[in-house]
Amino acid sequence: MPSEFVLPAPAKLNLFLHIIGRRPDGYHNLQTLFQFLDYGDQLTFIAIDDGIELVTDLAGVAAEDNLVMKAIRLLQQMSGCRSGVRIALDKRLPMGAGLGGGSSNAATTLLGLNALWGLGLSMDQLAGLGLQLGADVPVFVRGYSAFAEGVGDVLTPLEPPEEWFLVAVPDVHVNTAAMYGHRDLTRGSLPITLCAALDLCFANHQQRRNDFQSLVCTQHPQVDKTLCVLDNFADLSVGRALMSGSGASVFVRFANHEQALTAQSELNGLISRNDVPEKVSRLHSFVARGVNTSPLHRALQSLGFALPA
């Protein structure tokens, strides 16, 4: 098996997100549909004789506070393994963007080290460790698109259409904890059934919503303006613009790659001509495809590693 390899840490989108209510422990019950993107961060794993090293140029986050390092420590604590590793994190996903970057980094670390160190931990064990790091980590560990309930950890596999997306990220960091704790957050959505979730997947696309969106738009006008800008591509897209997670990323769906690239080109043209609101003049965008099997799982298998049972 290789002693040095590169693994992706893919982004995710919440194709809808409903907040059902606050639990007695302070967490929230929600219902959402996770789908991966074929775009994200990359982690390089290098076996070394001794010690743990994290190489990253991520500003403002101490190494020990990074979820990659926390995942390493948690895995060491559970397994008793003291093998060395150097992990280089190539960060492409912005923080506070609602794309799951930190959670995906943690999941890639857990699966990558399980393979590198030959720990033989099961998928359930790794997902359980991931839940200790964050509610979104288990879906990245398990690696399939899913209808998620509970705090986001109760997963039912679903396969929404693998469409193309233009994702736009305004220059703003949305604090997830602050949004969950805000008094004006919508918390009273009625639970939907699995059949209703399937209907949102395949039929009633226009009924998809994100319960964070109105609050985030009020707190961060950049997000509101970005939604308005992306809705300008209604003639090309197959759905209205929607925010992912607790923000700040906004996405719009397209039937094919060419239409998504055309919209991105038009968006970049608007920005270069200063034909967008001032608050979104520093908008970053990318085009990616929604995929129902995680690129992380595909990469592990291509390297010759068996996926955990």
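Positions are given from 1, in the same order as the sequence printed here.
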R289: what forms a side chain to side chain contact (heavy atoms under 4.5 Å, CB included) with it, not counting sequence neighbours? D38, E162, W164

Is there a side-chain contact between L119 and L75, using heavy atoms and a 4.5 Å cut-off? yes

Any non-hydrogen side-chain atom of M179 less than 4.5 Å from a side-chain atom of Q219? yes

Checking the side chain of [X] only, and the main-chain atoms of [Y] only, is there a donor and an acceptor separated by less than 3.5 Å?
| X | Y | result |
| --- | --- | --- |
| S265 | T262 | no |
| Q42 | D90 | no |
| D211 | I19 | yes |
| R209 | H18 | no |
| R253 | V238 | yes |
| S244 | V250 | no |

If you measure from the Lys or Arg side-chain nitrogens to the Asp or Glu carboxylate oxygens, is any gap between R142 and D124 under 4.0 Å?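 Salt bridge between R142 and D124, a charged N being under 4.0 Å from a carboxylate O: yes.
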
Answer yes or no: does atom [atom1] of [X] have more than 12 heavy-atom neighbours from other residues, nucleotides or ligands under 6.0 Å?
| X | atom1 | result |
| --- | --- | --- |
| F202 | CZ | yes |
| D50 | CG | no |
| E159 | CD | no |
| R187 | CZ | yes |

Ignoring hydrogens and angles, state whether a donor on the side chain of Q35 or N292 is under 3.5 Å from an acceptor on the partner side chain.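 A donor-acceptor contact under 3.5 Å links the two side chains.
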
Can the ring centroids of F212 and Y180 be said to lie less than 6.0 angstrom from one another?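 They qualify: ring centres under 6.0 Å apart.
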
